[in-house]
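One structure is given below, encoded as structure tokens.
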Amino acid sequence: MSEPNRRDFLFLATGAAGAVAVGGVAWPLISQMSPDASTIAAGAPVEVDLAPIAEGRAITLKWRGKPIFVRHRTAAEIEASKKDDASGLPDPQADAARVRAFEGKALEQWVVVYGNCTHLGCVPIGFSGDFNGWYCPCHGSHYDNAGRIRKGPAPRNLDIPEFTFLSASKIRIG
Ligand code: FES
């Protein structure tokens, strides 16, 4: 198991504490989201500005009490994931089915998934595991960078929340 990666930032949308950085790097995403934190906590749809999330990085935000991972994949990561589309996945799903489009163009660099392992709900660690996607240390489930289960007891891919692109650099979750 790899150690938690510093590219994986944690953002808590509940309360005034704002951004909590993993790895000692501040990440002022609180200003990138609307509506305000109390409304988000109540379950309203939330808009997330993707611009501050650099390629090769990810954030974790909390919405409706659940973690959501937003990952900005590199071209190499996308290519690696697509290459595995037909490799006998436990929960077969093409990489293309894991991403969403804006104005007819798939924005495949963005993966948005619930951050709960589909085994028993632990929160997997980003940029970890045998497929450099997410690794769930609770019982050893390995996900790839599209959030597909590849190895371990988890029965299915990480769930994708309802979300749409409002622009090429902004999504609305919910
Ligand atoms: S909860 Fe993730 S492997 Fe069991």
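Excluded from the calculations below are hydrogen atoms, water molecules and symmetry mates; all remaining heavy atoms, backbone and side chain alike, are included. Remember, it's 1-based here, ligands and their atoms both numbered in the order they're listed. From a predicted model like this one, the values you see are computed outputs, not experimental measurements.
Shown here are the protein N/O/S atoms lying under 2.8 Å from atom 4 (Fe) of ligand 1, water excluded: His119 ND1, His139 ND1.
Ring orientation note: the planes of His142 and Phe131 are nearly perpendicular, at an angle over 60° on the 30°/60° scale.
Cysteines Cys122 and Cys138 are disulfide-linked, with SG atoms closer than 2.5 angstrom.
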Next item on the list: Evaluate the side-chain hydrogen bond (donor to acceptor under 3.5 Å, both in side chains) criterion for residues Arg148 and Gln93: first the C-alpha distance (whole Å), next the side-chain angles of each, then the deciding distance (0.1 Å), finally the verdict.
Entry: CA-CA 8 Å; Arg148 297 177 297 191; Gln93 196 174 28; over 6 Å; no

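Partners of His72 under the side-chain hydrogen bond (donor to acceptor under 3.5 Å, both in side chains) rule, at least two apart in sequence or in another chain, do not exist in this structure.
Closest approach of Tyr114 to Trp63, counting heavy atoms only: OH-CZ3, 3.8 Å.
Leu89 and Leu158 end up in different hydrophobic clusters when Ile, Leu, Val, Met, Phe, Trp and Tyr side chains are linked at under 4.5 Å.
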